[in-house]
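Worksheet for the structure shown next.
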Protein chains: 4
Amino acid sequence: MTTSKTPSERRTHLVRLAGDLFAEQGFRATTVRQIADAAGILSGSLYHHFDSKESIGDEILSAFLEDVLAGYRAAVAESDDPRAAIERIVRSSTATLDRHRAALTMLQRDWNYFSGQPRFAYLRTAMKEIEQTWIDLLERGRETGVFRADLDARLTYRLLRDILWLPTSWASSKSWTTDQIVDGLLRLLFDGIKSA
Amino acid sequence: MTTSKTPSERRTHLVRLAGDLFAEQGFRATTVRQIADAAGILSGSLYHHFDSKESIGDEILSAFLEDVLAGYRAAVAESDDPRAAIERIVRSSTATLDRHRAALTMLQRDWNYFSGQPRFAYLRTAMKEIEQTWIDLLERGRETGVFRADLDARLTYRLLRDILWLPTSWASSKSWTTDQIVDGLLRLLFDGIKSA
Amino acid sequence: MTTSKTPSERRTHLVRLAGDLFAEQGFRATTVRQIADAAGILSGSLYHHFDSKESIGDEILSAFLEDVLAGYRAAVAESDDPRAAIERIVRSSTATLDRHRAALTMLQRDWNYFSGQPRFAYLRTAMKEIEQTWIDLLERGRETGVFRADLDARLTYRLLRDILWLPTSWASSKSWTTDQIVDGLLRLLFDGIKSA
Amino acid sequence: MTTSKTPSERRTHLVRLAGDLFAEQGFRATTVRQIADAAGILSGSLYHHFDSKESIGDEILSAFLEDVLAGYRAAVAESDDPRAAIERIVRSSTATLDRHRAALTMLQRDWNYFSGQPRFAYLRTAMKEIEQTWIDLLERGRETGVFRADLDARLTYRLLRDILWLPTSWASSKSWTTDQIVDGLLRLLFDGIKSA
DNA sequence: CATGAATGAGCGTTCATTCAT
DNA sequence: CATGAATGAACGCTCATTCAT
């Protein structure tokens, strides 16, 4: 019965601390000294756990994308029709929003930085799969008459994907619960703001 | 009678060059050296025209907000009902999108940086007015039965404002004209993606 | 009539200061702060003149190799027989010794560091040419009976090249003039230490 | 009755591992982490065996110098004339070359580093004895007419001592056996490269 | 107005070393 | 004995900014 953490818990803890800072300030704007300060250690000591700042970012981003991709795949596989799949994607996305605020912020603010590096090539790959999933769903929905016939699948995808990830940056103002946000989004998405 | 530009034209040119870089990379991620390189001068020489990098940002941001605010005020003043006002805001927003890509990118990527500085206090003031305009319109629309009765005005505002500014960051991919984007947005906004 | 140096003189001066330190301590063991200190400026200011510590090393090494290669080519082209060519190489090598102490020290102490980098690929190329020149001369001398028939050209080359560059590291103890050293070397080289 | 090594064997093994790295990269260019990696332990664990990186260097250097000095003393004591003594020194040097590659590399590459520290004062002492031995032999040989009358003993010593230690740095290219090298050296030394 | 040279603070990172467990 | 976590000083380098010429 000891209070000491297991080895990997220390690392995980540091990733979480770093993630909080990344979520607030973005990746590039966060210094390793800020991360170290948050952990109460010196900046050099971080390198006992990670071999670079980027590898912390890597850990956060890849965990996020695995999560998201798994969600998308499950949504498509286990839904009967495009509308249901999209609703499921939206709901599951919102759930991951809280756990992956850092990744979202990094994707939004530091995309240029990451996407240029070979190490983060998987970002582009994952994004491609996400895009393809949306477009497939939107086109199938259009063909089966569930969605508007004049829907531009690619344009709608771009709007929706970004919209879905927007609330991340709304700080933790706690003005709304994630449930409220997702409901508002779904209503807006399917019904618009007009009264019926 | 010389062909050289007037001082203010030179300055304006430099701001435009800087703006292009800010739009692509964000404010913090852009170095004064990159700006100077684009202008074909040395970085130190920029300080004959501006007393700091921030003052370039200031110029870009305040011009943008004046433009936007003017648009919002005109939209409200000259529209008969909330729906018309919102449509006008959306349409005019898209027009400013092209002219103010730099400002939008800066607001999205470097908000933390600017909003903390006294010098940029006007950012918060302007944002407040924008927010209030939206909320007024949405609530009036709800009260007059034009919009859904269960509409959360504040939540919808946050979503809409950000959504409106999203396409800025879509690089100059030229996949869609701004007209296409605004139409797609308006359809999504008023009607959702469901077929009628 | 001004005492100010021309632009390139400042740069040249800094390279010389850096070279003095490299000659004493080697390249890796010398810090940019030491170089800056020697110049009376801050370490960051060096980067106004060079884009990296390595580029200073590059400048020193490539200048040396150009010099040496030119000497070798001239020696071969303008000498009647291998013995004369070798004597000329030895004499000219010793002359460059003083001007290029830094480069020699870097080659001796930091070869591993430089030779691994693509940027310094020319080091290997130049060394190959030097080696080939020696081997050609030694073999021709052996064939024409000037040198011993049992001479191992490649082994002798390795010994001689290194021997030629040895005195560089003898600090500037000034115990011997370069003339004394070169004479000693030539006697040793051609005649050994035995009495006739 | 266990198969585990005795403490001192473990230590010796670590010194050997460290020595291999020092021989390849030099002392300063080798990190304690590399040594620990080679031993399959963590860098901090090395400090259970040595109280500093320098003490590993110390062990290697002092062992080498004891060996060399013993060889020199024996050569002088058991040789009839200077020429025989020198030949014996050269031959025994080559034998130690293999066993002490690390020490030689350290002396060549990191002399500045060690010679400045009081802890390594014995380096200077030993070098003095080596120098004196050579000079005595060369001068005696000159006086007895075995060597050239115009031989500069001190200059020749410097050349010879360094030349003798040169082949160490020729990696383990295995182009030549140590016997070949020593023969080449002796021929060069006594006879030069001229044909008889 | 522009240049060329510099500043000074801070960046991500390395490394020998220490020490409680 | 070894580990895992940390230290602290230094490293090469970046960048907004200043200023004499």
Side-chain angles (χ1 to χ4, degrees), chain A residues 2 4-11 13-14 28-36 39-56, chain B residues 4-5 7 10-11 14 28-36 39-56, chain C residues 2 4-11 14 28-36 39-56, chain D residues 4 7 10-11 14 28-36 39-56:
Chain A
T2 156
S4 86
K5 316 210 157 204
T6 76
S8 87
E9 272 180 24
R10 180 73 178 132
R11 219 188 120 98
H13 178 59
L14 290 171
R28 299 185 70 177
T30 301
T31 73
V32 297
R33 276 165 179 87
Q34 287 176 322
I35 301 170
I41 58 178
L42 290 177
S43 69
S45 305
L46 280 177
Y47 290 79
H48 180 64
H49 304 277
F50 311 95
D51 41 73
S52 69
K53 183 188 174 191
E54 264 159 35
S55 77
I56 309 183
Chain B
S4 81
K5 314 209 163 203
R10 180 93 176 101
R11 223 187 117 96
L14 291 172
R28 301 187 70 177
T30 301
T31 70
V32 299
R33 238 184 123 141
Q34 288 175 319
I35 301 170
I41 57 177
L42 290 179
S43 64
S45 305
L46 278 178
Y47 289 79
H48 287 290
H49 304 278
F50 310 94
D51 44 81
S52 73
K53 184 187 174 189
E54 267 157 34
S55 77
I56 309 182
Chain C
T2 154
S4 84
K5 316 211 159 204
T6 77
S8 86
E9 271 180 23
R10 179 75 178 128
R11 219 188 120 98
L14 291 171
R28 300 185 70 178
T30 301
T31 72
V32 296
R33 274 165 180 92
Q34 286 176 322
I35 301 170
I41 59 178
L42 290 176
S43 70
S45 305
L46 279 177
Y47 291 80
H48 180 64
H49 305 276
F50 310 95
D51 41 74
S52 68
K53 183 189 174 189
E54 267 160 33
S55 77
I56 308 181
Chain D
S4 81
R10 181 92 176 101
R11 223 185 116 97
L14 291 172
R28 300 187 70 178
T30 301
T31 69
V32 298
R33 238 184 122 142
Q34 288 176 320
I35 301 169
I41 58 177
L42 290 179
S43 64
S45 306
L46 279 178
Y47 289 79
H48 286 291
H49 304 276
F50 311 95
D51 46 80
S52 72
K53 185 188 172 189
E54 267 156 35
S55 76
I56 308 182

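None of these values were measured; they are calculated from a predicted model. Order of the sequence lines fixes the chain letters, A, B, ..., with proteins taken first and strands second; residue numbering starts at 1 for each chain.
As judged by a 4.0 angstrom heavy-atom cut-off over every strand, D:Leu42 is placed among the base-contacting residues. Counting any heavy atom pair closer than 4.0 Å across all strands shown, C:Ser52 reaches sugar-phosphate atoms only and no base atom.
In terms of heavy atoms, B:Phe50 sits closest to B:Ser55 at CB-OG, 3.4 Å. The shortest heavy-atom contact between A:His49 and A:Arg11 is O-NH1, 2.6 Å. Across all their heavy atoms, C:Thr30 and C:Lys53 have their closest contact at O-NZ, 2.8 Å. The two residues D:Ala29 and D:Gln34 have their closest heavy-atom pair at O-OE1, 3.8 Å.
One finds no side-chain N or O of C:Arg11 lying less than 4.0 angstrom from the OP1 or OP2 phosphate oxygen of E:dA5. Listed pair C:Tyr47 / F:dC13 meets the phosphate criterion, a side-chain N or O lying under 4.0 Å from OP1 or OP2. For D:Arg28, no side-chain nitrogen or oxygen approaches OP1 or OP2 of F:dC11 to under 4.0 Å.
Distance D:Ile56 CD1 to E:dA16 P: 10 Å, rounded to the nearest Å. Atom pair B:Ile35:CD1 and F:dC15:P shows a separation of 12 Å (rounding to whole Å applied). In this structure, NZ of D:Lys53 is placed 8 Å from C1' of E:dA16, rounded to the nearest angstrom. For the pair A:Arg10 CZ and E:dT21 P, the interatomic distance rounds to 15 Å; values are reported in whole Å. At whole-Å resolution of the value, CZ in C:Phe50 and P in E:dA5 are 11 Å apart. If you take CD of D:Gln34 and C1' of E:dT14, they are 12 Å apart, rounded to a whole angstrom.
Between the CG atom in A:Leu42 and the OG atom in A:Ser45 there is a gap of 5.0 Å [rounded to 0.5 Å]. B:Ser43 OG to B:Arg33 CZ: the interatomic distance, rounded to the nearest 0.5 Å, is 6.5 Å. Note that the CZ atom of B:Arg10 and the NE2 atom of B:His48 stand 11.5 Å from one another [nearest 0.5 Å].
Looking at A:Arg33, its side chain comes within 3.5 Å of the base of E:dG12 through a donor and an acceptor atom.
Picking from F:dA2, F:dA5, E:dT3 the nucleotide with the shortest atom distance to the side chain of B:Ser45 gives E:dT3. Minimum atom distance to the side chain of A:Val32 is reached by E:dT13, of the listed F:dT17, E:dT13, E:dA2. Which of E:dG12, F:dG4, E:dC15 sits closest to the side chain of D:Thr31 comes down to E:dC15. Distances from the side chain of B:His48 to the nucleotides E:dT3, F:dC1, F:dG12 place E:dT3 closest.
When each of B:Gly44 and C:Gly44 is assigned the nucleotide of DNA chain F with its nearest heavy atom, C:Gly44 is the one assigned upstream, toward the 5' end. If you find the closest nucleotide of DNA chain E to A:Thr30 and to B:Ile41, the one lying nearer the 5' end belongs to B:Ile41. Residues A:Asp51 and B:Leu46 both approach DNA chain E. Their nearest nucleotides, taken by heavy-atom distance, put B:Leu46 toward the 5′ side.
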Seminar exercise, completed: Dot-bracket for DNA chain E, 5' to 3', Watson-Crick and G-U pairs with both distances under 3.5 Å, [ ] for crossing pairs, | for partner on another strand, reads .||||||||||||||||||||
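Contact check for C:Ile41 versus C:Leu46: side-chain heavy atoms found under the 4.5 Å cut-off.
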